[in-house]
Amino acid sequence: MATKTYIVSGMTCSHCVNSVGSEIKQIPGVTDVQVDLASGAVTVISEQPVDDTAVAAAVDEAGYELAR
């Protein structure tokens with residue numbers, strides 16, 4: 001198992017949380033996504049480490065971006 005936390009900017013409501021979570025869950029190997037709206041922290045749990053660019057692309061698809 002691998003766990004990595006990212007910070008996503010622009011999320012303001014539960015719809016944002018659901019959008020980001022559902023996009024990241026589509027990445028192969030991802031088993032769970034935990035999103036904390038207050039801090040913008042998105043924890044990705046996967047079978048093996050997930051490529052950061054895949055996570056960035058999923059977040060972008062949801063309409064948000066990873067904080068740099």
Side-chain angles (χ1 to χ4, degrees):
M1 286 296 226
T3 302
K4 185 163 183 183
T5 300
Y6 301 87
I7 301 298
V8 176
S9 59
M11 295 187 300
T12 58
C13 64
S14 61
H15 173 75
C16 303
V17 168
N18 292 336
S19 295
V20 170
S22 64
E23 287 295 334
I24 294 174
K25 284 179 184 168
Q26 293 180 33
I27 298 170
V30 171
T31 56
D32 193 23
V33 179
Q34 298 168 353
V35 183
D36 179 40
L37 179 60
S39 67
V42 177
T43 302
V44 178
I45 301 161
S46 54
E47 295 166 356
Q48 54 242 349
V50 176
D51 185 30
D52 290 345
T53 56
V55 174
V59 169
D60 183 65
E61 185 67 29
Y64 307 94
E65 62 182 55
L66 291 180
R68 300 285 177 221

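Bear in mind that the values here come from a model prediction, so they are computed numbers and not experimental data.
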For the atom pair CD1 (Ile24) and CD (Glu61), what is the distance rounded to the nearest 0.5 Å? 12.0 Å

Taking all non-hydrogen atoms of both residues, which atom of Ile27 and which atom of Ala54 are closest, and how far apart? CD1-O, 3.6 Å

Out of the candidates Thr3, Thr31, Val30, only one should pair with Val44 under the side chain to side chain contact (heavy atoms under 4.5 Å, CB included) rule; please name it. Val30

For Ser22 and Gln26 the tightest heavy-atom approach is O-CG, 3.4 Å

Residues that Ala56 engages under side-chain contact (heavy atoms from CB on, under 4.5 Å), provided they are two or more places apart: Leu66

Give every donor-acceptor pair under 3.5 Å between a side-chain atom in residues 4-11 and any protein atom, sequence neighbours left out.
| from | atom 1 | to | atom 2 | distance (Å) |
| --- | --- | --- | --- | --- |
| Lys4 | NZ | Asp52 | OD1 | 3.0 |
| Lys4 | NZ | Asp52 | OD2 | 3.0 |
| Thr5 | OG1 | Thr43 | OG1 | 3.0 |
| Tyr6 | OH | Asp52 | OD1 | 2.7 |
| Ser9 | OG | Glu65 | O | 3.3 |

Heavy atoms of Ala2 and Pro49 approach each other most closely as CB-N, 3.6 Å

Asp36: which residues meet the side chain to side chain donor-acceptor pair (under 3.5 Å) condition with it, sequence neighbours left out? Ser39

Can you list, by chain and residue number, the hydrophobic cluster partners of Ile45 when the side-chain cut-off is 4.5 Å? Met1

Could you name each residue pair satisfying salt bridge (Lys or Arg N to Asp or Glu O under 4.0 Å) that touches residues 8-35, not counting sequence neighbours? none

Under the side chain to side chain donor-acceptor pair (under 3.5 Å) test, residues paired with Thr12 that sit two or more places apart: none

